[in-house]
Asker: 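Take a look at this one; I'll ask things after.
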Amino acid sequence: MHPWPKTAAEAEEIQRRLRPRVSFTGPDRFGTVAGLDVHYRGDDELSAAVVVLDARSLQVVDQALVHGEAAFPYVPGLFAFREIPALVQALERLSKAPELLVCDGHGLAHPRRFGLACHLGVLTGLPSVGVGKTPFVGEFDDPAPARGSWSPIVLDGEVVGRVLRTQPTVRPVFVSPGHRISLETACEQVLRCAPRYRLPEPIRLADHLARYGTVS
DNA sequence: GCGACAG
DNA sequence: ATCTTGTCGC
């Protein structure tokens, strides 16, 4: 991870410079799907995990876990600079690159339209989608109670994501495109990855791996 | 100016 | 993110 920012101003400048590289078109079928998550143990110590699943069976086919330190303080809007170095290292330890990255954090639904999912996608060149557990930016209505229901997240008059209900009557998740994917395909993939629980399986397993050191 | 603010 | 018990419901 080349020149890493030292100040918030530098970090924002990097976001504005990389933002134009984001693409919203790409594959709409994926053979493998990777979930990424980071677990903190203290102020700076962290564990970054990546779990790769067969997109069809949702069975684990690969995984990687790295321990390191946060690369930047936590600042809303600059969250990616904290976890990206460790997450990229974890991705490099996989036997082969996954076809889609499911990130724990927003993508386009970001103040400068360049959240963690976009950043990770652009740096790796891989399709990516952002899945947030809580809202960050934009306005939205509560989606209907049925699984698959959704409502748009609007920021400055632009649709930047969707509030998606992955399970009946369960609190929805916030989906936004990362890189090389459309909002429609992003939601389709997140829903397919969450057949049983609120959070998509790739993220649940990555969280478990980062937290306990093992999947399952 | 003040408050809110992904993980 | 993390600090934290019991409790309600399928």
Asker: Can you measure from CZ (Phe79(A)) to CZ (Phe136(A)) and round to the nearest 0.5 angstrom?
Answerer: 10.0 Å
Asker: Applying a 4.0 Å non-hydrogen cut-off, can you work out what Pro111(A) is touching in the nucleic acid: base, sugar-phosphate, or nothing?
Answerer: nothing
Asker: Identify whether any heavy atom of Gly42(A) sits under 4.0 Å from a base atom; if not, whether one sits that close to sugar-phosphate; answer base, sugar-phosphate or nothing.
Answerer: nothing
Asker: What is the distance from CD1 of Ile153(A) to C1' of dA6(B), rounded to the nearest Å?
Answerer: 11 Å
Asker: Whole-Å distance between dG7(B) P and Glu83(A) CD?
Answerer: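 That distance rounds to 10 Å.
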Asker: Could you walk me through whether Arg192(A) and Glu201(A) pass salt bridge (charged side-chain N to carboxylate O under 4.0 Å, His left out), step by step?
Answerer: CA-CA 9 Å; Arg192(A) 267 189 4 76; Glu201(A) 218 55 24; over 6 Å; no
Asker: May I ask you to evaluate whether His39(A) reaches the phosphate of dT2(C), defined as a side-chain N or O under 4.0 Å from OP1 or OP2?
Answerer: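 Yes, within the criterion.
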Asker: Hey, is Tyr40(A) stacking on dA1(C)? Ring centres under 5.5 Å, planes under 30°.
Answerer: no
Asker: Can you confirm whether the side chains of Thr185(A) and Asp28(A) place a donor and an acceptor under 3.5 Å from each other?
Answerer: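 No.
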Asker: Please work out if Phe79(A) contacts a base, only the sugar-phosphate, or nothing of the nucleic acid, heavy-atom cut-off 4.0 Å.
Answerer: base
Asker: Hey, do the aromatic rings of Tyr212(A) and His39(A) have their centres closer than 6.0 Å?
Answerer: no
Asker: Are OP1 or OP2 of dT2(C) and a side-chain N or O of Arg211(A) less than 4.0 angstrom apart?
Answerer: yes
Asker: Send over the distance from Asp37(A) CG to dA6(B) C1', rounded to a whole Å.
Answerer: 12 Å
Asker: Touch check for Leu46(A), heavy atoms < 4.0 angstrom, all strands: base, sugar-phosphate only, or nothing?
Answerer: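 Nothing: the residue Leu46(A), judged by heavy atoms under 4.0 Å, touches no strand.
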Asker: For dA6(B), does either OP1 or OP2 sit under 4.0 Å from a side-chain N or O belonging to Tyr74(A)?
Answerer: yes
Asker: Give Leu78(A) one of three labels, base, sugar-phosphate or nothing, depending on what nucleic acid heavy atoms sit under 4.0 Å from its own.
Answerer: base
